[in-house]
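Worksheet: one structure, shown below.
In this chain, numbering begins with 1 at the start of the sequence shown. Quick caveat: nothing in here was measured; it's all calculated off a predicted structure.
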Amino acid sequence: MPLPGHSLEKTDLLLGGKPFRVELAVTRSEQQQGLMHRDRLPAGTGMLFILDPPRPTRFWNKNVHFPIDILYFDSNRAYLGADTHVLPCPYSDCPIYRTGQAVKYVLELPAGTHAQLNLLAGDKFIFR
């Protein structure tokens with residue numbers, strides 16, 4: 001279950017045969033806030049960024065207090081790739097993780113989750 005006290009809309013999805021409860025980051029302010037200033041991200045939870053319109057994008061782990069995996073998906077919810085074990089960054093000059101292609105969905109999960117999913121390019125997540 002996502003962390004108490006966070007009021008983002010939530011949904012369930014299935015990825016790699018595993019269920020996840022995710023918070024939705026849809027608005028610009030929700031996406032800018034992301035997972036910043038949280039203490040943890042429990043297993044089985046995550047944050048799904050929905051980009052409209054789909055576009056190349058960039059992410060960083062500024063002011064996030066734990067490592068994460070960042071997974072990228074196209075408009076059809078097909079897996080494109082990931083940046084894994086992205087370390088926390090308390091500084092103003094943090095590494096930036098960029099996509100070369102347009103993405104519609106970006107899923108942030110606890111670090112190490114990606115390795116457990118055994119995803120192949122084109123695998124899709126399903127909203128439940």
Problem set entry | Nearest-0.5 Å distance, CZ of residue Arg40 to OG1 of residue Thr45 | 8.0 Å
For this session: Kindly compute the distance separating CZ (Arg55) from OG1 (Thr99), expressed to the nearest 0.5 Å.
Result: 9.5 Å
Exercise. Do Ile50 and Leu15 belong together in a cluster built from hydrophobic side chains that touch within less than 4.5 Å?
Worked result: yes
Exercise. Passes side chain to side chain contact (heavy atoms under 4.5 Å, CB included), Thr11 versus Val22? Steps please.
Worked result: CA-CA 6 Å; Thr11 193; Val22 298; 3.7 Å; yes
Exercise. When clusters are formed by joining ILVMFWY residues with side-chain heavy atoms under 4.5 Å apart, either directly or through shared neighbours, do Leu117 and Leu14 land in the same one?
Worked result: no
Exercise. Quick one: are Pro88 and His65 in side-chain contact, heavy atoms under 4.5 Å?
Worked result: no
Problem set entry | Shortest non-hydrogen contact from Gln101 toward Leu80 | NE2-CD2, 3.3 Å
Problem set entry | His85 backbone acceptor or donor facing Asp69 side chain under 3.5 Å | yes
Exercise. CZ of Arg77 to CG of Asp123: how many Å apart, nearest 0.5 Å?
Worked result: 12.5 Å
Exercise. Hey, are Tyr72 and Asp83 close enough side-chain-wise for a donor-acceptor pair under 3.5 Å?
Worked result: yes
Problem set entry | Pairwise side-chain contact, Glu108 with Leu35, heavy-atom cut-off 4.5 Å (strictly under) | yes
Problem set entry | Side-chain touch His114/Leu109, heavy atoms, less than 4.5 angstrom | no
For this session: Walk me through it: do Thr84 and Ile70 pass the test side chain to side chain contact (heavy atoms under 4.5 Å, CB included)?
Result: CA-CA 6 Å; Thr84 59; Ile70 306 172; over 6 Å; no
Seminar exercise, completed: Separation between CG (Asn63) and SG (Cys89), nearest 0.5 Å, reads 8.0 Å
Exercise. Given side chains that start at C-beta, do those of Arg98 and Phe59 come closer than 4.5 Å, heavy atoms only?
Worked result: no
Problem set entry | Note, Glu30 side chain near Leu24 side chain (heavy atom, < 4.5 Å) | no
Problem set entry | Test item: Asn61 side-chain N/O and Leu87 main-chain N/O as donor-acceptor pair under 3.5 Å | yes
Exercise. Can you hop from Val103 to Trp60 via hydrophobic side chains spaced under 4.5 Å?
Worked result: no
For this session: State, to 0.1 Å, how close Lys62 and Ser92 come at their nearest heavy-atom pair, and which atoms those are.
Result: NZ-CA, 3.6 Å
Seminar exercise, completed: Heavy-atom closest pair (Arg38 atom, Glu23 atom, distance to 0.1 Å) is NH1-OE1, 2.6 Å
For this session: Assert yes or no for the condition that the ring centre distance of Phe125 to Phe73 is strictly below 6.0 Å.
Result: yes
Exercise. Is the closest side-chain heavy-atom distance between Phe127 and Leu48 below 4.5 Å?
Worked result: yes
For this session: Report yes if some heavy atom in the side chain of Asn76 is under 4.5 Å from a heavy atom in the side chain of Lys124; otherwise report no.
Result: yes
For this session: List the steps, then state whether side chain to side chain contact (heavy atoms under 4.5 Å, CB included) holds for Phe20 with Lys18.
Result: CA-CA 7 Å; Phe20 293 92; Lys18 297 189 187 235; 3.9 Å; yes
For this session: Of all the heavy-atom pairs spanning Pro54 and Ala102, show the shortest one and how long it is.
Result: C-CB, 4.1 Å
Exercise. Shortest non-hydrogen contact from Leu120 to Tyr79?
Worked result: O-CD2, 3.4 Å
Problem set entry | Tyr97 reachable from Phe66 in the ILVMFWY side-chain graph, under 4.5 Å edges | yes
For this session: Could you tell me whether the side chain of Val106 reaches within less than 4.5 Å of the side chain of Thr57, counting heavy atoms only?
Result: yes
Exercise. Which heavy atom in Pro42 sits nearest to a heavy atom in Pro110, and how many Å separate them?
Worked result: O-CG, 3.6 Å
For this session: Take Arg21 and Asp12 through the test salt bridge (Lys or Arg N to Asp or Glu O under 4.0 Å) and record every step on the way to the result.
Result: CA-CA 5 Å; Arg21 179 82 168 154; Asp12 296 306; 3.4 Å; yes
Problem set entry | Shared hydrophobic cluster, Ile68 / Met36 (ILVMFWY, side-chain heavy atoms < 4.5 Å) | yes
